[in-house]
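Since the structure comes first, as structure tokens, the remarks are kept for the end.
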Number of protein chains: 2
Amino acid sequence: MTPPDLPLSPSSSRRRAADKAESILQGAMQEFLAYGYAAASMDRIASVAGVSKPTLYSYFQDKEGLFTALINYLTEGKAEIGVDPALFQLPLPDGLKQIATNVLDNFSREKPLLTLMRVMIGESGRFPALAQTFVRNIEKPVLEKITQLFAQHSDSHATDPEIMARMFMGSIIHYVITQEVLHGRDLLPMERSRYIDGLIKAMIQAVSQNSNVAPEE
Amino acid sequence: MTPPDLPLSPSSSRRRAADKAESILQGAMQEFLAYGYAAASMDRIASVAGVSKPTLYSYFQDKEGLFTALINYLTEGKAEIGVDPALFQLPLPDGLKQIATNVLDNFSREKPLLTLMRVMIGESGRFPALAQTFVRNIEKPVLEKITQLFAQHSDSHATDPEIMARMFMGSIIHYVITQEVLHGRDLLPMERSRYIDGLIKAMIQAVSQNSNVAPEE
DNA sequence: GTCTATAGTGCGATAGAC
DNA sequence: GTCTATCGCACTATAGAC
């Protein structure tokens with residue numbers, strides 16, 4: 001049997017297997033996030049990754065398998081987007097402001113996360129399991145953290161922290177969707193800082209029972 | 001890119017031209033909503049619509065033109081989803097509840113509107129103008145109605161009705177996205193009625209200044 | 001390299017409307 | 001009869017999965 005070495009792109013010595021898998025995933029990310037699943041081309045992925053098609057297919061079973069691997073790759077360990085533990089030391093309005101700011105930064109114009117959301121929602125009908133992966137790895141942990149935050153600062157049983165967390169997240173994500181994802185900046189103008197401040201004010205008002213609100217600003 | 005296509009010839013033939021255009025659009029709806037833009041097949045559309053491909057291409061310039069026409073067709077005159085004028089006669093909590101219920105009904109499992117949202121968001125990177133059409137024809141009118149509703153019931157300048165409307169819509173749409181679109185029902189369980197009631201309670205609390213809330217339920 | 005699918009077109013035939 | 005929208009089908013060229 002002849003040794004199967006094929007120095008196609010001999011930029012240096014042979015790359016490690018992990019490197020190849022990595023660069024294929026990098027190429028897949030570029031391609032799938034730019035074109036969506038159906039219009040993505042395995043040829044272009046192989047080309048961008050600098051591997052031959054047979055190599056690509058030796059690492060990943062088929063297009064669907066590569067897409068699945070990519071989504072796992074992109075959503076694993078990303079749980080902490082916009083939520084760091086130090087938040088629990090801050091007064092509620094400050095904590096909320098930091099979360100809102102971080103989440104909006106992560107989703108800002110044409111960042112990968114924005115495009116990932118486009119692709120996930122777009123393919124959620126045909127890849128329900130991947131959509132759930134997205135929810136489990138991204139949405140759920142963030143929601144749970146915010147729920148904890150509200151629970152910790154909630155004076156009583158009056159407001160349901162789980163619902164408050166969903167309102168808060170929903171208000172932010174919907175803002176991202178209308179303004180950035182759907183390009184509604186000019187149609188539905190709303191300055192980011194005005195929205196964040198108004199949102200937090202309303203949330204604080206909602207969690208404060210009959211007493212008055214803790215002094216902010 | 002091309003302006004909306006109109007049916008070509010004015011007068012009669014074997015069958016009315018409007019019928020053909022209609023059935024082509026119906027076929028296009030099936031196809032594009034089921035497969036997305038890239039994976040949709042013009043052959044299948046023609047077949048489902050019961051017309052030949054040359055006929056299809058006599059009504060619509062190309063695939064992109066048909067997709068554009070479809071989105072216009074599906075979003076025109078749909079402004080009143082979940083918002084009817086009688087709402088302004090009701091107390092705020094009842095009005096909000098009716099809106100929430102109607103919007104959630106319209107987006108309920110595997111209804112066309114749900115799939116349309118999937119496609120619109122999925123293709124929003126490649127068809128920004130269509131995404132804006134969606135915002136202009138669906139999102140914006142609903143948001144404006146809800147803003148009016150809050151403005152009308154707002155006791156004072158304390159809360160910004162535009163922000164309250166966005167919070168309310170965002171909370172509902174985000175709920176739809178996590179539960180239905182991304183199939184998160186089992187991962188993030190939250191009963192619909194519990195969410196609606198909690199959401200409205202929080203919104204009312206947020207708009208009520210220092211006085212107590214009007215009695216609801 | 002192979003095989004399949006797709007967007008888009010050209011053309012002769014057809015079947016009503018007038 | 002003429003007019004014309006339409007059909008069916010073959011065809012090109014391209015591109016993609018594997």
Side-chain angles (χ1 to χ4, degrees), chain A residues 2 4 6 8-9 17 20-21 23-71 119 122-123 126-127 130, chain B residues 1-71 119 122-123 126-127 130:
Chain A
T2 52
L6 26 134
L8 291 178
S9 40
K20 291 233 172 131
S23 45
I24 292 171
L25 285 170
Q26 287 294 328
M29 178 170 71
Q30 265 188 236
E31 185 72 10
F32 283 119
L33 295 191
Y35 296 94
Y37 177 79
S41 150
M42 295 295 269
D43 279 38
R44 278 195 299 260
I45 292 173
S47 159
V48 166
V51 303
S52 68
K53 274 198 290 178
T55 301
L56 195 166
Y57 279 98
S58 78
Y59 280 88
F60 300 95
Q61 191 198 356
D62 55 14
K63 193 180 186 180
E64 204 174 305
L66 177 55
F67 186 56
T68 302
L70 175 69
I71 299 303
V119 173
E123 305 298 341
R126 280 162 306 266
F127 295 93
L130 292 187
Chain B
M1 309 306 186
T2 47
D5 288 307
L6 296 177
L8 293 176
S9 72
S11 60
S12 60
S13 174
R14 317 161 45 160
R15 273 150 73 183
R16 261 174 307 273
D19 285 350
K20 289 264 164 85
E22 256 285 316
S23 43
I24 292 170
L25 286 170
Q26 287 293 329
M29 180 170 70
Q30 267 188 234
E31 185 72 11
F32 283 119
L33 295 192
Y35 296 95
Y37 177 79
S41 151
M42 295 296 269
D43 279 36
R44 277 196 300 261
I45 292 173
S47 161
V48 166
V51 302
S52 67
K53 246 184 344 156
T55 301
L56 194 165
Y57 279 97
S58 79
Y59 279 87
F60 301 95
Q61 190 200 350
D62 55 15
K63 194 181 185 181
E64 202 174 307
L66 176 56
F67 186 56
T68 302
L70 175 69
I71 299 303
V119 173
E123 305 298 341
R126 281 162 304 269
F127 294 94
L130 293 187

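Keep in mind that what you see is a predicted model, and the values were worked out from it rather than measured. Proteins get letters first, then strands, A, B, ... in listed order; numbering begins at 1 in each.
If you check every strand for non-hydrogen atoms under 4.0 Å, Pro54(A) touches nothing.
OP1 or OP2 of dT6(D) lies within a sub-4.0 Å distance of a side-chain N or O belonging to Lys20(B). Taking only side-chain nitrogens and oxygens, Tyr59(B) never comes nearer than 4.0 Å to OP1 or OP2 of dA5(D). Taking side-chain N and O atoms only, Thr55(B) has a distance below 4.0 Å to OP1 or OP2 of dC7(D). Using a 4.0 Å cut-off, some side-chain N or O of Arg44(A) falls inside it from OP1 or OP2 of dG16(D).
Atom CG of Leu70(A) sits about 12.0 Å away from atom CD1 of Ile24(A), to the nearest 0.5 Å. Taken from OH in Tyr59(B) to CG in Leu66(B), the straight-line distance is 13.0 Å, to the nearest 0.5 Å.
Taking the six-membered ring for Trp and thresholds of 30 and 60 degrees, Tyr37(B) and Phe127(B) have ring planes more than 60 degrees apart, a perpendicular arrangement.
Distance, Met42(B) CE to dA13(D) P: 21 Å, rounded to whole Å. Atom CD of Gln61(B) and atom P of dG8(C) are 9 Å apart (whole Å). dG8(C) atom C1' lies 16 Å from atom CZ of Phe60(B), rounded to whole Å. At whole-Å resolution of the value, CG in Asp62(B) and P in dA7(C) are 11 Å apart. Rounded to an integer number of Å, the gap from Asp43(B) CG to dT9(C) P is 13 Å. One atom, NZ of Lys53(B), and another, C1' of dC9(D), lie 10 Å apart when rounded to the nearest Å. Atoms NZ (Lys63(A)) and C1' (dA15(D)) sit 11 Å apart, rounded to a whole Å. Glu64(A) has its CD atom 18 Å from the P atom of dG16(D), to the nearest Å.
Across all their heavy atoms, Ala39(A) and Ala38(B) have their closest contact at CB-CB, 3.9 Å. Residue Thr55(B) comes nearest to Ser52(B) through the heavy atom pair OG1-OG, 2.9 Å, listed as atom of the first residue, atom of the second, then distance.
Remark: side-chain polar atoms of Glu31(B) are paired, donor with acceptor, to backbone N or O of Ser41(B) under 3.5 angstrom.
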For this session: Would you please test Ile45(B) and Phe32(B) for side-chain contact (heavy atoms from CB on, under 4.5 Å) and show each step?
Result: CA-CA 9 Å; Ile45(B) 292 173; Phe32(B) 283 119; 3.9 Å; yes
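Among the nucleotides dA17(D), dT6(D), dC7(D), the one closest to any side-chain atom of Tyr57(A) is dA17(D).
Of the residues in residues 31-41 of chain A, those lying under 4.0 Å from DNA chain D by heavy-atom distance are Ala40(A), Ser41(A).
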